[in-house]
Amino acid sequence: MTALHALKNRLMQNEDFAREYNQADAEYSLLEEMVSLRNRAHLTQEEVARRMKTSQSAVARLEAGNGSPTIKTLKNYARAVGSTLVIRFSDGHRSAS
């Protein structure tokens with residue numbers, strides 16, 4: 001086990017840290033998935049923006065995680081990249097791998 005993994009495992013024992021870490025991890029995963037979907041659709045941010053009837057800079061901000069998009073905005077993004085938005089709840093318990 002690397003020193004980084006050992007540190008993470010130790011920090012994850014703290015409930016507050018674990019909660020914040022898991023929230024940030026989920027947000028980062030969403031952003032990664034959005035960019036991945038756009039790339040798999042072979043679309044530029046400009047093309048997605050056109051489909052969403054918004055600006056390229058708005059799409060860039062969305063993919064960067066700047067702001068708090070509405071569900072409607074996320075649905076529009078999904079549609080623009082040929083996907084469907086699926087929202088689900090989790091019990092919040094994740095492994096500390």
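We're numbering straight along the sequence, starting at 1.
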Query raised in the report: Quick one: hydrophobic cluster around L31, which other residues, with the 4.5 Å side-chain cut-off, linked directly or via members?
Result: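 ILVMFWY cluster around L31 also holds L30, M34, L37, L43, V48, M52, V59, L62, I71, L74, Y77, V81, L85, I87.
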Requested in this report: Under 4.5 Å between side-chain heavy atoms, chaining through other members, with only Ile, Leu, Val, Met, Phe, Trp and Tyr counted: pull out the rest of the cluster around Y28, sorted by chain and number.
Outcome: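 Once heavy-atom contacts under 4.5 Å are chained together, Y28 still belongs with nothing else.
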Query raised in the report: Does N66 have any side-chain hydrogen bond (donor to acceptor under 3.5 Å, both in side chains) partners at least two apart in sequence or in another chain, and if so, which?
Result: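 Partners of N66 by the side-chain hydrogen bond (donor to acceptor under 3.5 Å, both in side chains) criterion come out as none, since no residue qualifies.
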**Report entry** Partners passing side-chain hydrogen bond (donor to acceptor under 3.5 Å, both in side chains) against R10 (at least two apart in sequence or in another chain)
**Finding:**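 Expected list: none.
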Could you list the residues that satisfy side chain to side chain contact (heavy atoms under 4.5 Å, CB included) with [X], not counting sequence neighbours?
X	value
A60	Q45, Q56
T70	K72, T73
S68	none
N14	D16, F17

Report task. Mind jotting down which residue pairs meet the salt bridge (Lys or Arg N to Asp or Glu O under 4.0 Å) criterion with at least one end in residues 47-62? Sequence neighbours excluded, please. Result ->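 As it turns out, there is no salt bridge (Lys or Arg N to Asp or Glu O under 4.0 Å) pair with a partner in residues 47-62 once direct neighbours are skipped.
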Query raised in the report: Applying salt bridge (Lys or Arg N to Asp or Glu O under 4.0 Å), which residue pairs with at least one partner in residues 26-43 are found, sequence neighbours left out?
Result: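 Every pair satisfying salt bridge (Lys or Arg N to Asp or Glu O under 4.0 Å) with a residue in residues 26-43: E33-R40, R38-E63.
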Query raised in the report: Backbone N or O of Y21 within a donor-acceptor pair of the D25 side chain at under 3.5 Å?
Result: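 Side chain of D25 to backbone of Y21, a donor-acceptor pair under 3.5 Å: no, none is there.
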Query raised in the report: Can you list the steps and then say if M12 with N22 is a side-chain contact (heavy atoms from CB on, under 4.5 Å)?
Result: CA-CA 10 Å; M12 291 296 280; N22 288 331; 3.9 Å; yes
